[in-house]
Every structure is written in structure tokens, then in C-alpha cells.
Amino acid sequence: MKDYYEILGVPEDASVDEIKKRYRELVKQYHPDLNKGDEEAAKRMAEINEAYQVLTDPKKRAEYDAMRKGGVGFSSEYYRPGQGFDFFDSIFRDFFTDFPFGSSFFNRTATKTKPRGTDINLEVTLSLKDVVTGCTKSLRFFRDELCEECHGTGAKDGKTKTCERCHGTGVVENRQSTPFGVFITQTTCPTCHGAGSVPEQVCPVCHGTGVVKRQRTLDLQIPPGIENNDVITLKGQGNAVKDGASGDINVTVKIIIPPPWRRKGKDLYTEVHVPYYHAILGGKIKVTTATGEEKELLLEPGTQPDQEYILANEGVPDKSGRYRGDLHVTIKVDLPSKLSPQERKFLEEIRKLHEGDNKKRFGLFN
């Protein structure tokens, strides 16, 4: 004999409200609509429904308790073997109308949902220039497509017949007899997978799958300003599936940024090496931007090592195209490892100019 208290996980003296609360928790865990294709969950839910129906009815519960203790049997007043019981359309609508899954949650009939093809996941590598200017990348991949021979039916010449197991409904019924009637659940037909029909003869090209694998090439437009690890999704362009909708193509962006370049949001950072005399005297230098163009940058006299300059609007564009970041240029001052006689002479003269002057503090090149 089944232990309904154990099935619901409640003590024998549990109140009706406690049983209802526990039932709600179990429904969230085991209901077939939340565990599609899981036969064990469906069986567990049937037991839970059976236990709930008994333990929330005072008369049924009293006779069940008596039978558990070796007393009287069940009353024939409500025991009708073979009688169907539409559980969700009667008992539970009164207190589950506000259940978060909505009213369709209580439909005991399996919903014939169309299958969906799997997604295709690709990866594209971009340079920093690609990010700034935008680009077009050609991607090659294999994709499942509907068979042209059978038009995706999986049947030779497209001829199908009614599925003998579900009789064309696409669902099969599972009945469980209990002392209180017959509990009925419906699941997708495992033979036709919900289509309601099967091939008269299998297609010789796709062997009944309805799809064939083909190699395709895609020219993907990459907008300026894209971020590393961004995913571009092309809806409905993934793998096709028989009697269903195609999946998507998901392209993950990988950006290669060579040193000394760095990116922070829309701003770019780089370094430029200049000889020491250029830093001391100042003047114009050439800076190569992310797009390969050369821009002039005016150094101030006495520019210090690691001093930063900014080239406005030379960074990464915003995805909306409304503004563009800046390019931050760090000046690296190159000191000579060896001096020519003439260089040494001039530097000695400069040193003499400053010897004995202890009242001033100088930077590296002041």
C-alpha cells in the first residue's frame, strides 16, 4: 500500500494548508510541463496528485488512515474504478489561479511544441583597426539544411502516413489506475516525435532525418566599436531540423590588441619613443594611429619620461556612432648608451652651467 504521507513528505497530523503548501513545492519540481520528456518526473507527479487528492479530502483521508491502521476499507461512494479524473481542471484551479506559471500550467494535455534546430557557434578574430573602422569577415562553416529531395519530411517523394502509435495526434496517453480513479497524462509521441505522421518510405538522401549537412560561407558585417567577447546572433540561420524551426548562428568576437596598445572603453593607449634631445627641446613628432594613419603631435620643451599626451577623437567609435574616444600617447624617452665625442662635449658644457647651483631642483632634463 502506498504511503501518501511519505509521497508528499508531510507528517500524519499535517493540516490541509500544510499539505497544499507542500504540494505547491512538489509541483514546481516535478510537473511534466517543467520536465519535458522525463518519464520519471511524470510518474512521480502522478503519485503526488493521487496522494494530494486523498489527503485533502476529509472523508477520503479518514478512510485511508483507517485502512493504513488495518481498519475499514474505502467507501464505494467515491471509488469508481476506471473513471477518469481531470485533476488540474477541477481541484487545483481554486487555489492555484495566481500560480506563476499561468493557467496553462494546469493543462494535463501535452503541448505539441515544434522542435528547434541547434545553434552554430563560430568565432571571428579582429584587429584593432577592424574595431575602429568596422569590417566584413568571411566565415565558412557546415550547417544542417532541409533536404531538397524530400522537402524536409524525411519521406521518399514526400509521402507520409499517419503514425500508428498516436493515431496522428502527436501525443500518447499514460494511464495510472488508483483507488480513486484513473490519472491520465499525455506526452509527446516517441515514434513520430509529435509530428503525427511517419514516412511511408525513408528518403534515400537524408535517410529519414529531413536534413542534410552542407558547407556555407557567410559574409558578416562587423560594426565599429564592437567589444571583445561580444556575440553577434543571426536568428534562424543555424541548423535546420525536421518539422521545426532552425537554430541561430552565434559569432563570438575576439579582438587581438598588440603591445604596447591597450584599450579602456572607447579610449586607446599607446607609447611613442623619442630621443632625449627631442624631449628636451620639444617639437613635432609622428604618431601612428590604430587605423595606420600618421598624426602630428607637438611635444612641449622639457617633456618628461612617461608624460602623456592626448589625440582627441582618435580612439574607438561608440556603437551608436555619436562620438569617438581619444588616443592617449605616453612618451618614452630614449637615452643613448654611448655618446659621440661631440655629444659628450656639449653635455659637459651643460653640466658645467649647473654645477654649484644648489638652490634649484631640476627635473631629468631641466
Side-chain angles (χ1 to χ4, degrees), residues 27 30-50 80-90 92-93 101-120 142-178 181-214 235-248:
V27 166
Y30 291 106
H31 194 276
D33 286 354
L34 305 178
N35 299 273
K36 296 186 182 297
D38 189 341
E39 294 184 4
E40 288 301 318
K43 291 178 181 178
R44 180 84 171 97
M45 194 66 232
E47 287 185 332
I48 293 167
N49 292 343
E50 180 183 338
R80 300 180 180 88
Q83 180 186 18
F85 182 74
D86 196 345
F87 173 73
F88 291 110
D89 284 340
S90 58
F92 300 104
R93 286 190 184 274
F101 296 101
S103 60
S104 63
F105 180 79
F106 302 99
N107 190 350
R108 68 182 177 90
T109 303
T111 304
K112 291 173 62 177
T113 56
K114 296 180 70 174
R116 181 182 181 277
T118 56
D119 291 346
I120 297 173
F142 286 93
R143 177 173 65 185
D144 290 338
E145 299 183 358
L146 292 180
C147 176
E148 295 178 355
E149 179 70 20
C150 65
H151 306 291
T153 63
K156 184 178 180 181
D157 301 323
K159 295 180 180 180
T160 61
K161 61 181 180 180
T162 301
C163 175
E164 295 180 357
R165 181 162 185 177
C166 67
H167 307 291
T169 64
V171 295
V172 291
E173 288 189 348
N174 300 300
R175 296 171 176 262
Q176 183 178 11
S177 297
T178 74
V182 178
F183 287 91
I184 303 173
T185 59
Q186 293 185 339
T187 57
T188 302
C189 177
T191 300
C192 66
H193 305 290
S197 61
V198 294
E200 289 185 359
Q201 288 183 287
V202 172
C203 172
V205 176
C206 67
H207 307 292
T209 63
V211 295
V212 292
K213 194 171 292 293
R214 292 192 174 92
K235 293 288 186 182
Q237 296 195 39
N239 289 314
V241 65
K242 178 183 175 183
D243 300 319
S246 296
D248 302 331

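Computed from heavy atoms alone, side chains included, the values below leave out hydrogens, waters and symmetry copies.
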- Take D144 and K242, measure what salt bridge (Lys or Arg N to Asp or Glu O under 4.0 Å) needs, and give me the verdict at the end. CA-CA 10 Å; D144 290 338; K242 178 183 175 183; over 6 Å; no
How long is the gap from [atom1] on [X] to [atom2] on [Y], to the nearest 0.5 Å?
| X | Y | atom1 | atom2 | value |
| --- | --- | --- | --- | --- |
| C206 | K213 | SG | NZ | 13.0 Å |
| Q237 | I120 | CD | CD1 | 9.5 Å |
| K156 | E200 | NZ | CD | 11.0 Å |
| C203 | H151 | SG | NE2 | 9.5 Å |
| D157 | E149 | CG | CD | 7.0 Å |

Could you report the tightest heavy-atom contact between [X] and [Y], atom names first, then the distance?
| X | Y | answer |
| --- | --- | --- |
| A240 | L146 | CB-N, 3.9 Å |
| Y30 | I48 | CD1-CD1, 3.7 Å |
| D248 | R116 | OD2-NH2, 2.9 Å |
| V171 | C166 | O-CB, 3.3 Å |
| P115 | V241 | O-CG1, 3.8 Å |
| C150 | T153 | O-OG1, 2.8 Å |

- salt bridge (charged side-chain N to carboxylate O under 4.0 Å, His left out) partners of R143, counting only residues at least two apart: E145
- Stepwise side chain to side chain contact (heavy atoms under 4.5 Å, CB included) check, K161 with V198: CA-CA 5 Å; K161 61 181 180 180; V198 294; 3.8 Å; yes
- Name all residues meeting the side-chain contact (heavy atoms from CB on, under 4.5 Å) criterion together with R165; count only those two or more places apart in sequence or in a different chain, and write none if there are none. C163, V172, C189, P190, T191
- Query: After noting the C-alpha distance and the side-chain angles of H31 and N49, does the key distance pass the side chain to side chain contact (heavy atoms under 4.5 Å, CB included) rule?
  - Reply: CA-CA 10 Å; H31 194 276; N49 292 343; over 6 Å; no
- Message: Could you tell me if the side chain of N239 sits less than 4.5 Å from the side chain of V211, heavy atoms only?
- Response: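 No, their side chains stay 4.5 Å or more apart.
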